[in-house]
Number of protein chains: 2
Amino acid sequence: MNLEKMQGKCGQVSSMMKAIAHPQRLMILCHLSEGEKNVGEILALCEISQSQLSQFLNRMQREKLLKVRKDGQFAYYSIADKNLHKLIQSMQKIFCE
Amino acid sequence: MNLEKMQGKCGQVSSMMKAIAHPQRLMILCHLSEGEKNVGEILALCEISQSQLSQFLNRMQREKLLKVRKDGQFAYYSIADKNLHKLIQSMQKIFCE
DNA sequence: CAAAGATATTACAATTTCATAATATTCTTA
DNA sequence: TAAGAATATTATGAAATTGTAATATCTTTG
C-alpha cells in the first residue's frame with residue numbers, strides 16, 4: 001500500500017478509534033459485542049449517567065458504528081459496523097485472556 | 001470477568017487507544033510495526049511537523065508504548081508494548097486486507 | 001571550535017471533549 | 001387522561017488535545 005492510501009486509511013480508522021478511546025464507550029462496546037441491549041440494560045452495566053449514555057449512543061450511531069431498533073418505549077442498540085465488531089473481539093482476545 | 005474488573009480493563013485499554021485515535025499517531029505506529037525507525041525516517045513517512053512528531057514520540061514513550069535507542073545523533077524508536085503490537089497487526093488485518 | 005544536522009523542549013491560542021444539570025419527549029398503564 | 005418510566009436533547013463550564021512557532025540541546029564534521 002502506498003503512503004497516500006495509507007494516510008487515508010489511518011484517517012478513517014483513527015476516527016473510528018476515537019469511539020474506543022474512552023473507558024465508558026469501550027465498556028458499552030464490549031457489552032454490545034455480545035448482542036443488542038436496550039439503554040436501561042447498558043446503563044446498569046456501565047458507570048455513567050443516563051444523559052451521557054444517551055449522548056454516547058447517539059454519537060456512535062451518527063458515526064454508523066451502532067444501530068438502533070425501537071420497540072415501544074425501549075431502544076435496543078447493537079454494533080452496526082462489522083469491522084468494529086471484529087476489532088472489539090480481537091481486543092478482547094489480546095487484553096482479556 | 002466481573003463488572004468491576006471489566007471497568008479496570010476498559011480504563012487501561014481505552015487510554016492505550018488514545019494513542020491510536022489520531023491519524024498521524026496511527027501512521028507512526030503502523031510504520032513502527034515493521035521494525036524500529038529513526039525520527040528522520042518517520043518524519044519522511046508521515047505528514048507531520050518535526051516538533052509534533054517529537055512530541056508524539058515522547059508522549060508514547062512516557063506511556064510505555066514506545067521505546068527509544070539512541071545511536072549517536074539518531075534516535076531509533078520501536079514499539080515497546082507487546083499487546084499494542086498485536087493490536088496494530090490485528091487492525092492491519094481487519095482494515096487493510 | 002564553529003557550523004550544520006538531528007532531535008527535544010517550551011509556550012500558547014484554537015479547538016474539541018467531558019461531565020453535569022436541567023428539561024423535553026415518547027410510550028405505557030392505571 | 002394523568003402519572004410514571006424510558007430515552008433524548010440542550011446548554012454550559014472545565015479540562016484535555018491539537019497545531020504551530022520559537023528556541024534549545026546534542027552530535028558530528030570540517
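Every chain is numbered from 1 and lettered A, B, ... according to where its sequence line falls, protein lines coming before strand lines.
A 4.5 Å side-chain heavy-atom check between Met16(A) and Leu65(A) finds at least one atom pair inside the cut-off. Between Gln61(B) and Lys67(B) there is no side-chain heavy-atom pair separated by less than 4.5 Å. Within the 4.5 Å cutoff, side-chain heavy atoms of Cys96(A) are placed close to those of Met1(B). You'll find the side chain of Leu57(A) reaches within 4.5 Å of the side chain of Ile42(A), heavy atoms only.
Rounded to whole angstrom, the span from the CE atom of Met17(B) across to the P atom of dA16(D) amounts to 20 Å. The distance from atom NZ of Lys70(B) to atom C1' of dC26(D) is 9 Å, rounded to the nearest whole Å. Spacing between atom CD of Gln52(B) and atom C1' of dT17(D) amounts to 10 Å, rounded to whole angstrom units. To the nearest angstrom, P of dT7(C) lies 14 Å from NZ of Lys37(B). We find that CG of Asn38(B) is positioned 15 Å from C1' of dT28(D), with the value rounded to whole Å. Nucleotide dG19(D) holds its P atom 8 Å from the CD atom of Gln24(B), rounded to whole Å. The nearest whole Å value for the distance from the CG atom in Leu57(A) to the P atom in dT7(D) is 10 Å. Ile42(A) places its CD1 atom 9 Å from the P atom of dT7(D), with the value rounded to the nearest Å.
Residue-level contact check: Tyr76(A) touches neither bases nor backbone, having no heavy atom under 4.0 Å from any strand.
Checked against dG19(D), dC18(C), dA8(D), the side chain of His22(B) finds its nearest nucleotide in dG19(D). When distances run from any side-chain atom of Arg59(A) to the nucleotides dT9(C), dC18(C), dA8(D), the shortest one goes to dC18(C). Counting only heavy atoms from C-beta on, Gln55(A) has its side chain closest to dT9(D) among dA8(C), dT9(D), dA6(D). Comparing dC18(C), dT20(D), dT17(C) against the side chain of Lys18(A) picks out dT17(C) as the nearest. Of the listed nucleotides (dT18(D), dA19(C), dT20(D)), dT18(D) has the atom at the smallest distance from the side chain of Arg25(B). The side chain of Ser51(B) lies closest to dT20(D), out of dA8(D), dT20(D), dC18(C).
Comparing Gly72(A) and Ser54(B) by the nucleotide of DNA chain C whose heavy atom lies nearest to each, the residue mapping closer to the 5' end is Ser54(B). DNA chain D is contacted by both Gln50(B) and Phe56(B); Phe56(B) maps to the nucleotide lying nearer its 5′ end (nearest heavy atom per residue).
Looking at Leu84(B), Leu45(B), Ile88(B), Ile79(B) one by one, the single match for side chain to side chain contact (heavy atoms under 4.5 Å, CB included) with Leu32(B) turns out to be Ile79(B).
The side chain of Gln73(A) contributes no N or O atom lying less than 4.0 Å from OP1 or OP2 of dT26(C). Note on Tyr77(A): a side-chain N or O is less than 4.0 Å away from OP1 or OP2 of dA8(D).
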